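Everything quoted here is computed from the prediction, not taken from an experiment.
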Amino acid sequence: MDEEDEVVIGLSTIMKLTGSLPLVIGILILISPREVLAVGPQLTEYGIYLGWFVAALAIVFGMTHWLVAIYVKENLHIFGRFFVFGHSMIALLEAYGWASGLIEFEPKYLFGAIFPFAAAFTLLMYSITPEQTEVVGNNGD
């Protein structure tokens, strides 16, 4: 078996995968914010409105992942690093909410909090070095 037969997942695929999570979460929040959000049953009318705003931002964040992964071929690693920053900010804000007491810490929500950290770490690992592409040059022939 040749080494060329290996399946290699590229940065474009990783960006699509990490963009799928905000898309799905945003759509779920739009459909039923009281079931998806952590304090759902206690949401007021303004809380639901804010949840819809967060859902719209999550959908835009996820769609941006997909659009960049589809249309950007060169310098994709730079966009990957930019999205690392976005996922890291989401994870750090959640950790800050728990540490400061703004959000009541419950162990069952720890699993969901791992996803932004995992997405940031995965994007960082795949965007450290640019993907090598073959350059077809004109040799003057």
Taking [Y] as the starting point, is it possible to reach [X] by hopping between hydrophobic residues whose side chains are less than 4.5 Å apart?
X	Y	result
Val54	Leu93	no
Ile25	Phe117	no
Val84	Leu57	no
Leu76	Ile128	yes
Trp66	Val24	yes

* **Test log, rule side-chain contact (heavy atoms from CB on, under 4.5 Å), inputs Val68 and Phe83** => CA-CA 10 Å; Val68 166; Phe83 288 128; 4.3 Å; yes
Is it true that a side-chain atom of [X] and a backbone atom of [Y] form a donor plus acceptor pair closer than 3.5 Å?
X	Y	value
Ser32	Glu35	no
Thr122	Ala119	no
Arg81	Leu124	no

* Sequence neighbours excluded, every pair satisfying ring pair (Phe, Tyr, Trp, His ring centres under 6.0 Å) that has a member inside residues 16-59 -> none
Return the minimal non-hydrogen interatomic distance between [X] and [Y], and the atom names on each side.
X	Y	result
Ala69	Lys16	CB-CG, 3.8 Å
Val36	Leu28	CG2-O, 3.5 Å
Ile59	Leu23	O-CD2, 3.7 Å
Ala113	Trp98	CB-CH2, 3.4 Å
Leu30	Ala55	CG-CB, 3.8 Å
Ile9	Tyr126	O-CE2, 3.1 Å

* Thr44 side chain near Ile48 side chain, heavy-atom distance below 4.5 Å -> no
* Asked: Do Leu11 and His77 come close enough that some side-chain heavy atom pair is under 4.5 Å?
  -> yes
* Quick one: do Thr64 and Phe79 satisfy side-chain contact (heavy atoms from CB on, under 4.5 Å)? Show the steps, please. => CA-CA 10 Å; Thr64 308; Phe79 284 99; over 6 Å; no
* To do: I would like to know whether Met125 and Ile14 meet side-chain contact (heavy atoms from CB on, under 4.5 Å); could you show each step before the answer?
  => CA-CA 10 Å; Met125 291 295 105; Ile14 293 297; over 6 Å; no
* **Other ILVMFWY residues reachable from Phe85 by side-chain steps of under 4.5 Å** => Met89, Leu92
* Asked: Roughly how far, to the nearest 0.5 Å, is CZ of Phe121 from OG1 of Thr18?
  -> 14.0 Å
* **Pairs flagged by side-chain hydrogen bond (donor to acceptor under 3.5 Å, both in side chains) wherever residues 82-96 is involved - sequence neighbours left out** => His65-His87
* Asked: Are Phe61 and Ile90 close enough, and set up right, to give a side-chain contact (heavy atoms from CB on, under 4.5 Å), and what steps lead you there?
  -> CA-CA 11 Å; Phe61 189 57; Ile90 292 168; 4.0 Å; yes
